[in-house]
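Taking it in order: structure first as structure tokens, then the write-up.
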Amino acid sequence: MANNDDKFKKVISHAKEYGYVFQSSEVYDGLSAVYDYAQNGVELKKNIRDYWWKAMVQMNDNIVGIDAAIFMHPTTWKASGHVDAFNDPLIDNKDSKKRYRADVLVEDFREKILQKINKDVAKAKKRFGDAFDENEFRSTNGNVLRRQKQIDDITERLTEVQEESDLAAFKQLILDLGIVCPVSGSKNWTDVKQFNLMFGTKLGASAESAMDLYLRPETAQGIFVNFLNVQKTGRMKIPFGIAQTGKAFRNEIVARQFIFRMREFEQMEMQFFIKPGSQGEWFKHWKEARLKWHLSLGLGEDNYRFHDHEKLAHYADAATDIEFRFPFGFKELEGIHSRTDFDLKQHEAYSGKKLQYFDHEDNANYTPYVLETSIGLDRMFLAVFSNALQEEELENNTTRTVLKLPAVLAPTKAAILPLVRKDEALVKLSKQIIEDLKWDFSVTYDEKDAVGRRYRRQDANGTPFCITVDGESLEDNTVTIRHRDTMEQQRVKIDDLKAIIKKEVDVKEWLMRM
RNA sequence: GCGAAAGUAGCUCAGGGGUAGAGCAUCACCUUGCCAAGGUGGAGGUCGUGGGUUCAAAUCCCAUCUUUCGCUCCA
């Protein structure tokens with residue numbers, strides 16, 4: 001455990017030290033759970049996104065991409081269920097430290113009174129036998145009437161505070177009813193707080209005409225509302241998919257663990273539209289396909305596992321997570337959800353527009369079912385980065401810090417190093433090599449310090465190749481190429497460099513492992 | 001949000017009432033022909049922020065912000 005904490009700390013500080021991830025607004029002491037991608041981080045992130053995009057869109061002729069706006073019509077979020085499902089008022093008991101939904105506390109309390117009434121009724125029934133008139137008893141018995149009035153009062157007040165969103169009155173209601181915490185038994189409550197999942201904002205320059213908007217909490221809805229547009233203009237036939245990458249925003253109650261859970265994050269989602277009834281086989285298909293994509297990067301098969309959901313969200317009929325072994329344990333990296341026709345049906349209901357597909361084979365209209373794959377780009381970044389960071393003990397009793405990023409994802413593919421800086425001919429040839437390679441790969445140049453130290457610097461930065469230009473290079477046009485992971489060197493022709501590097505960093509070479 | 005710990009140079013940290021230190025990194029020059037830490041010199045910090053106590057606060061007290069860990073929540 002201590003080891004893992006240690007490891008995680010090293011990941012965070014290495015990410016900063018080598019220009020991968022900075023805390024947002026650091027000069028102002030940072031902004032909680034918001035991070036910036038730095039000069040190397042932005043490259044790694046882009047490479048991961050490209051790797052996903054190529055695997056999903058380019059390699060599947062029935063999947064296309066879109067880039068829907070972050071702002072969406074506010075009704076979108078009513079239809080999707082985000083407005084209602086995440087508006088719960090919460091209250092904490094200060095003694096037990098337990099958190100409850102304030103409305104549930106009141107409802108439970110009301111339920112208890114109702115049960116008392118039922119108990120009284122049952123008792124009376126037993127006592128009076130066949131002569132018992134339940135309706136009469138309920139409308140005349142003093143205890144029952146008193147309790148019923150209590151229930152009605154509670155219902156009235158609860159409705160009122162909920163409609164008015166009056167949090168102070170909500171707390172007062174709980175205090176007035178004398179509700180105690182089931183765990184601590186105390187009435188020591190905090191104020192009622194509203195946790196909104198979505199960030200609100202305003203559209204419109206002047207305050208009067210402004211319209212309330214939300215920043216999207218998931219990219220999926222942009223795909224659903226565009227479903228028919230894409231289907232028609234792209235002449236797509238079911239089954240087909242729409243992919244999208246982009247920022248999403250969630251006001252997490254607890255947002256922590258570096259870039260694992262952020263308030264602003266990036267998703268890579270694909271919604272696959274299918275015939276109702278076929279969701280079982282497509283769920284299986286995408287489960288396997290997505291795992292293969294992960295395994296192609298070679299982060300180690302043991303580091304992945306599926307976690308099937310037993311408790312399902314309101315829209316799903318099956319769900320699984322692909323979990324990855326992060327430094328702080330197995331955590332969700334990607335979700336695969338069978339979303340049924342929930343979303344399209346909802347948007348159909350709220351918009352009044354028909355969002356259906358005409359199947360020419362069946363000669364019938366239907367609302368397609370949806371199979372979703374949704375991966376967090378930032379989480380994937382963290383998975384790749386934390387897995388790559390290693391400290392090796394070498395034979396000469398030194399340790400080597402090396403970032404073993406999959407070469408296809410590495411921000412810089414090769415560093416060109418003149419063996420000695422003072423030799424102008426070496427410098428000149430090095431720069432010529434860079435001029436040639438930079439059309440195909442992102443490359444860098446380093447002439448500072450002894451070459452051994454330069455190797456180590458590139459190791460720590462994750463650069464898969466170092467190309468060293470020496471005196472011999474001037475005579476026979478060969479250089480040494482050093483491999484990051486093995487530290488082995490080969491003597492190769494300068495003309496062959498491009499092909500050698502390409503073989504190791506080309507997306508094709510990696511995706512073919514799927 | 002609650003509890004605990006922490007915040008001093010880019011990184012890792014020492015110091016602990018009298019106005020700042022180390023190692024590494026960085027920059028310049030020298031040295032260096034293949035796996036980090038050889039030389040010389042330089043730059044870099046009002047010790048997270050704000051207030052209080054004191055003749056004097058990085059050091060003590062309070063508040064606040066941020067981070068980490070644990071709870072809690074999670075589409």
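Naming convention: chains lettered A, B, ... in sequence-line order (proteins, then strands); numbering from 1 in each chain. All values below come from the heavy atoms of this structure, side chains included, with hydrogens, waters and symmetry mates left out.
Using the Watson-Crick or G-U wobble rule with both distances under 3.5 Å, B/rU46 pairs with nothing in any strand shown. Pairing for B/rG1 is with B/rC71, a Watson-Crick or G-U wobble pair whose two hydrogen-bonding atom distances lie under 3.5 Å. Base pairing annotation: B/rG10 forms a Watson-Crick or G-U wobble pair with B/rC24, both donor-acceptor distances under 3.5 Å.
The shortest distance between the side-chain N/O atoms of A/Arg456 and the OP1/OP2 oxygens of B/rA36 is below 4.0 Å. At B/rC27, one or more side-chain N or O atoms of A/Lys448 fall inside 4.0 Å of OP1 or OP2 (strictly under the cut-off). Applying the 4.0 Å criterion to OP1 and OP2 of B/rA37, one finds that A/Arg457 has every side-chain N and O outside that range. When the side-chain nitrogen and oxygen atoms of A/Lys16 are compared with OP1 and OP2 of B/rG10, none of them lie within a distance under 4.0 Å. The side chain of A/Gln23 contributes an N or O atom lying less than 4.0 Å from OP1 or OP2 of B/rU67. The phosphate of B/rC34 has neither OP1 nor OP2 within less than 4.0 Å of any side-chain N or O from A/Arg454. Listed pair A/Lys422 / B/rU31 meets the phosphate criterion, a side-chain N or O lying under 4.0 Å from OP1 or OP2.
With contacts defined as side-chain heavy-atom distances shorter than 4.5 Å, the pair A/Arg400/A/Tyr455 does not qualify.
Judged by atom type and distance alone, A/Asp459 does not reach the base of B/rC35 through any side-chain donor-acceptor pair under 3.5 Å. Taking 3.5 Å as the limit, the base of B/rA75 and the side chain of A/His337 contain no donor-acceptor pair of atoms between them.
Relative to the six-membered ring of A/Tyr369, A/Arg339 misses at least one condition, a distance below 6.0 Å or an angle of at most 45° to the axis.
Considering only the side chain of A/Phe8, B/rU68 comes nearest among B/rC34, B/rU68, B/rA75. Nearest to the side chain of A/Tyr35, among B/rU26, B/rU67, B/rC34, sits B/rU67. Of the candidate nucleotides B/rC11, B/rA37, B/rG33, B/rG33 has the atom lying nearest to any side-chain atom of A/Asp470.
Using a 4.0 Å cut-off between a side-chain N of Lys or Arg and a carboxylate O of Asp or Glu, A/Glu447 and A/Arg454 do not qualify as a salt bridge. Ion pair A/Arg379/A/Glu334 not flagged as a salt bridge, since none of the NZ, NE, NH1 or NH2 atoms sits closer than 4.0 Å to an Asp/Glu carboxylate oxygen.
Put simply, OH on A/Tyr455 is 18 Å from P on B/rU32, counting in whole angstrom units. For A/Arg482 and B/rA36, the CZ to P distance is 10 Å, given to the nearest whole Å.
The residue A/Phe22 sits apart from the nucleic acid: no heavy atom pair falls under 4.0 Å. If you check every strand for non-hydrogen atoms under 4.0 Å, A/Gly471 touches a base.
Side chains of A/Asp36 and A/Gln23: a donor-acceptor N/O pair is absent below 3.5 angstrom, by distance only.
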